[in-house]
Amino acid sequence: MLVKVQQEDFDPMAEMAAFPAGRISGAGGAVTFIGTVRDYSETAEVLGMEIEHYPGMTERELERLGAEAARRYDMLDSLIIHRYGCLAPEDTIVMVAVWARHRAAAFDACRFLIDVLKTRAPFWKKERTPAGMRWVTDCPGCRAGSREGHTHAPDLAHYPEPEPVMK
């Protein structure tokens, strides 16, 4: 797997084309998720976003999540790119690409990776709104102001171990 945490913008199609072909030989499918900064949230207009992370720790956690996806799904390889710094609406913020022999594994692994990135990767986001800066949470319980009765870990039961694929 390849992990990049960077401040610079990137071209998702160029990243896909540049991925080492030898690492994805035999791929029957590739699934890509590209996330961008929205210009709105549930309650306000978003003028921009600031993303912080811990260098070194972030890359190790993304590599660990990629390895977890590889154990759970029959994928050949993956690419995770996540930006940090000051971003504007419509800027590309994240890309997850997965190659697998079969499309189901590619779809499942890509969805798993983007979902766990949202909850387990050590990134901290602040939205810049007309009323000022505010921290972003992806947790409905946190948004509601509740600190009890919920968790910040994804429900892995939602991602059952896939059935073996006949080759």
Side-chain angles (χ1 to χ4, degrees), residues 1-16 18-20 22-24 27 29-38 41 46 48-89 91-100 104-128 133-143 146-162:
M1 105 203 55
L2 181 58
V3 167
K4 298 180 182 182
V5 178
Q6 61 192 50
Q7 196 165 14
E8 304 78 27
D9 194 11
F10 62 92
D11 176 349
M13 296 305 113
E15 295 289 343
M16 292 280 293
F19 199 82
R23 292 172 56 169
I24 54 174
V31 173
T32 305
F33 174 85
I34 301 164
T36 57
V37 177
R38 293 185 298 256
S41 69
V46 174
M49 179 176 285
E50 292 181 20
I51 301 172
E52 301 174 9
H53 76 106
Y54 283 129
M57 182 176 105
T58 303
E59 291 83 353
R60 284 190 302 276
E61 181 61 13
L62 296 182
E63 289 168 359
R64 194 187 68 67
L65 294 173
E68 183 176 344
R71 281 191 303 276
R72 296 176 71 86
Y73 303 98
D74 186 25
M75 61 181 230
L76 296 171
D77 216 330
S78 64
L79 169 64
I80 300 171
I81 304 173
H82 203 297
R83 292 181 63 196
Y84 65 91
C86 294
L87 301 170
D91 281 353
T92 301
I93 191 172
V94 64
M95 174 182 175
V96 173
V98 174
W99 291 265
F107 275 108
D108 292 345
C110 189
R111 181 180 182 102
F112 173 82
L113 280 170
I114 195 62
D115 285 352
V116 296
L117 275 172
K118 295 285 284 179
T119 56
R120 292 170 41 189
F123 290 101
W124 295 270
K125 301 173 186 176
K126 288 190 284 189
E127 290 175 337
R128 191 171 62 254
M133 299 297 288
R134 67 179 185 187
W135 290 102
V136 176
T137 65
D138 291 316
C139 173
C142 286
R143 284 195 304 267
S146 169
R147 295 200 182 275
E148 297 186 30
H150 71 278
T151 178
H152 290 169
D155 180 5
L156 293 182
H158 179 73
Y159 303 96
E161 295 292 331

* To do: May I ask you to decide if the ring planes of Trp99 and Phe19 are parallel, tilted or perpendicular, using 30° and 60° as cut-offs?
  => parallel

* Nearest heavy atoms of Ala100 and Ala106, plus distance in Å -> CB-N, 3.7 Å

* Structure fact -> Which of Met49, Arg134, Met133 passes side-chain contact (heavy atoms from CB on, under 4.5 Å) with Arg128? It is Met133

* Structure fact -> Rounding to 0.5 Å, atoms CH2 (Trp135) and CD (Glu50) come to a distance of 8.5 Å

* To do: Indicate yes or no: at least one non-hydrogen side-chain atom of Met95 is less than 4.5 angstrom from one of Leu79.
  => yes

* Is there a side-chain contact between Pro12 and Thr32 (heavy atoms, below 4.5 Å)? -> no

* **Exceeds 12 heavy-atom contacts within 6.0 angstrom, atom CZ of Phe107** => no

* **Glu61/Arg64 ion pair, N-O < 4.0 Å** => yes

* Asked: Does the side chain of Trp124 come within less than 4.5 Å of Tyr54's, by heavy atoms?
  -> yes

* Structure fact -> Rounding to 0.5 Å, atoms CD (Gln7) and CG (Leu87) come to a distance of 8.5 Å

* Do you know the tightest heavy-atom contact between Ile51 and Tyr84? -> O-CB, 3.5 Å

* To do: Can you see which heavy atom on Ala30 is nearest to which on Met16, and at what distance?
  => CB-CE, 4.1 Å

* To do: First locate atom CD of Gln6, then atom CD of Glu59, and finally report the distance between them rounded to the nearest 0.5 Å.
  => 10.5 Å

* Asked: Does any non-hydrogen side-chain atom of Leu113 lie less than 4.5 Å from one of Phe33?
  -> no

* To do: Report the C-alpha separation of Leu2 and Arg23 in whole Å, then their side-chain angles, then the decisive distance to 0.1 Å, and conclude whether the side-chain contact (heavy atoms from CB on, under 4.5 Å) test is met.
  => CA-CA 10 Å; Leu2 181 58; Arg23 292 172 56 169; 4.2 Å; yes

* Asked: If we only count heavy atoms from C-beta on, is the Ile93 to His82 side-chain gap below 4.5 Å?
  -> yes

* Asked: Would you say Arg60's side chain and Gly56's backbone share a donor-acceptor pair under 3.5 angstrom?
  -> yes

* Asked: How long is the span from the CG atom in Leu62 to the CE atom in Met57, to the nearest 0.5 Å?
  -> 10.0 Å

* Nearest heavy-atom neighbours spanning Leu65 and Val116 -> CD2-CG2, 3.9 Å

* Structure fact -> side-chain contact (heavy atoms from CB on, under 4.5 Å) with Met75: of Asp108, Val98, Val31, only one passes, and it is Val98

* Please report the shortest heavy-atom distance between Val46 and Ser41, naming the atom on each side. => CG2-N, 3.8 Å

* For residues Met13 and Ile34, report the shortest heavy-atom separation together with the two atoms involved. => CE-CD1, 4.0 Å

* Assess whether side-chain contact (heavy atoms from CB on, under 4.5 Å) is satisfied between Met1 and Asp77, documenting all intermediate values. => CA-CA 5 Å; Met1 105 203 55; Asp77 216 330; 3.8 Å; yes

* Report yes if some heavy atom in the side chain of Ile114 is under 4.5 Å from a heavy atom in the side chain of Val94; otherwise report no. => yes

* Heavy-atom count around Phe10 CZ within 6.0 Å, excluding the residue itself: above 12? -> yes

